[in-house]
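Basis for what follows: all heavy atoms, side chains included, without hydrogens, waters or symmetry-related copies. This structure is a prediction, so every number in the text was calculated from the model and none was measured.
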Amino acid sequence: WVFTKVVIYLLIASILTLLCKPLVKVYSKIKFGKFHLPDTIVSLFTILTVIGSAVFVSSLFLPVLINEIKFLSTLNFADVFSDILGQFPRIKTLALNFGTEKELSDAITGQASEALNFKNISDLLNGFISTAGSLVGGTLAVLFITFFLLKEDKMVFRSLLLVTPSNYEEEIKDILRTTQTLLSKYFVGLLVDVLIVSLVV
């Protein structure tokens with residue numbers, strides 16, 4: 001339990017490293033005359049590209065999310081409830097078992113008003129700030145680990161080979177090489193899939 005967060009950070013960093021492999025290959029091909037970019041610079045450029053991409057995607061979705069929240073805050077919940085009941089007769093029949101339409105409408109409006117009062121918003125904001133602080137700390141830790149995994153990409157292989165019996169070293173090398181390539185392609189494909197669906201939505 002003590003090391004749960006560290007293990008989670010390592011897993012996320014490992015996935016991020018696999019996602020970044022194509023970028024590392026692209027940056028590694030850049031050269032000035034006969035000199036290639038050092039591994040440190042390549043890793044740094046890769047991390048900056050990831051951060052830039054995350055900021056870009058956030059800038060696309062955050063305004064939409066804020067507009068949706070503003071729209072929801074202007075809704076009259078009683079009217080919404082009545083519209084839902086009008087559209088779905090079966091739900092109306094089921095709901096009327098719990099009371100009249102007016103009683104249910106008043107109860108929902110009361111609950112919504114209570115949820116949106118100042119005290120609850122204040123508690124929600126405090127929780128959000130606390131979560132945001134943890135999220136920022138976790139993100140920095142993940143980026144830090146990812147940077148070193150990209151810079152020392154053979155480190156994980158060497159660590160695994162240390163605990164591998166000598167007879168199986170060649171097989172393990174082949175397995176690790178193939179697994180890394182397949183996982184990298186899988187996660188890149190998954191990311192592209194998620195981005196396309198998100199943009200369409």
Which heavy atom of [X] sits nearest a heavy atom of [Y], and at what distance?
{"X": "Val64", "Y": "Leu60", "answer": "CG2-O, 3.7 Å"}
{"X": "Val42", "Y": "Tyr27", "answer": "CG1-CB, 3.9 Å"}
{"X": "Pro63", "Y": "Ser58", "answer": "CD-O, 4.1 Å"}

Give, for atom [atom1] of [X] and atom [atom2] of [Y], the distance between the pair rounded to the nearest 0.5 Å.
{"X": "Thr40", "Y": "Phe147", "atom1": "OG1", "atom2": "CZ", "value": "5.0 Å"}
{"X": "Phe187", "Y": "Leu182", "atom1": "CZ", "atom2": "CG", "value": "11.5 Å"}
{"X": "Ile15", "Y": "Tyr186", "atom1": "CD1", "atom2": "OH", "value": "9.5 Å"}
{"X": "Ile12", "Y": "Thr17", "atom1": "CD1", "atom2": "OG1", "value": "11.5 Å"}
{"X": "Ser184", "Y": "Lys25", "atom1": "OG", "atom2": "NZ", "value": "6.5 Å"}

Note to self: Other members of the hydrophobic cluster containing Val197, with the 4.5 Å side-chain heavy-atom rule, please.
What the structure shows: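 Same cluster as Val197: Val201.
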Item checked: ILVMFWY cluster membership beyond Val136 - transitive side-chain contacts under 4.5 angstrom ->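 Leu140, listed by chain and number.
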Notebook entry, point to check: Looking at residues at least two apart in the chain, or sitting in another chain, which of them share a side chain to side chain donor-acceptor pair (under 3.5 Å) with Asp174?
Noted result: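 Arg177.
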Notebook entry, point to check: Is it true that a side-chain atom of Thr46 and a backbone atom of Leu23 form a donor plus acceptor pair closer than 3.5 Å?
Noted result: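 Side chain of Thr46 to backbone of Leu23, a donor-acceptor pair under 3.5 Å: no, none is there.
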Notebook entry, point to check: Side chains of Ser198 and Val194: does their closest heavy-atom pair fall under 4.5 Å?
Noted result: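 Side chain of Ser198 against side chain of Val194, heavy atoms only: contact under 4.5 Å found.
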Next item on the list: Answer with yes or no whether the hydrophobic clustering places Ile66 together with Leu199; edges join I, L, V, M, F, W, Y residues whose side-chain heavy atoms lie under 4.5 Å apart.
Entry: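 No.
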Notebook entry, point to check: Are Leu143 and Ile41 connected in a single hydrophobic cluster, I mean Ile/Leu/Val/Met/Phe/Trp/Tyr linked by side-chain heavy atoms less than 4.5 Å apart?
Noted result: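 Both belong to a single hydrophobic cluster.
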Notebook entry, point to check: Looking at Leu150, Val188, Leu149, which one forms a side chain to side chain contact (heavy atoms under 4.5 Å, CB included) with Cys20?
Noted result: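 The single option meeting the side chain to side chain contact (heavy atoms under 4.5 Å, CB included) with Cys20 is Leu150.
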